[in-house]
Novice: 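Following this message is one structure expressed as structure tokens.
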Amino acid sequence: MLGNLTGWHFLILLAVILLVFGAAKLPALAKSMGQSARVFKGEIKAMKEEDAATAAPVATNTAAPQPTVAPVVADAPVSAPAHSSAAADPKP
């Protein structure tokens with residue numbers, strides 16, 4: 001995006017900024033931009049600290065040991081009762 005700009009382009013841009021804002025207002029403009037950047041950095045730092053503070057208790061809760069469940073032992077297979085032909089095929 002700025003690859004085509006040369007030193008002359010920046011000088012022309014600086015001259016246009018001087019004409020628009022005036023030489024007297026440029027220091028105040030730079031000061032306000034610096035203060036805004038400082039406030040922005042402070043807010044970002046506070047957000048990161050807040051995130052770290054809220055993430056720490058969550059991490060300790062997930063590190064708590066989980067209750068264990070005893071394994072279920074399957075009963076031995078029940079064998080089918082002896083097959084009697086009279087009980088299985090009643091004939092009329």
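Computation of the quantities below employed the complete heavy-atom set of this structure, encompassing side-chain atoms and omitting hydrogens, waters and symmetry-equivalent molecules. If you're wondering where the values come from, they're calculated on a predicted model, not measured in any experiment.
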Novice: Is the closest side-chain heavy-atom distance between Lys31 and Gln35 below 4.5 Å?
Specialist: yes

Novice: Find out if a path of hydrophobic residues (ILVMFWY) with successive side-chain heavy-atom gaps under 4.5 Å connects Leu18 to Val16.
Specialist: yes

Novice: State which residues pass side-chain contact (heavy atoms from CB on, under 4.5 Å) with Ile17; sequence neighbours excluded, sorted by chain then number.
Specialist: Leu13, Phe21, Leu26

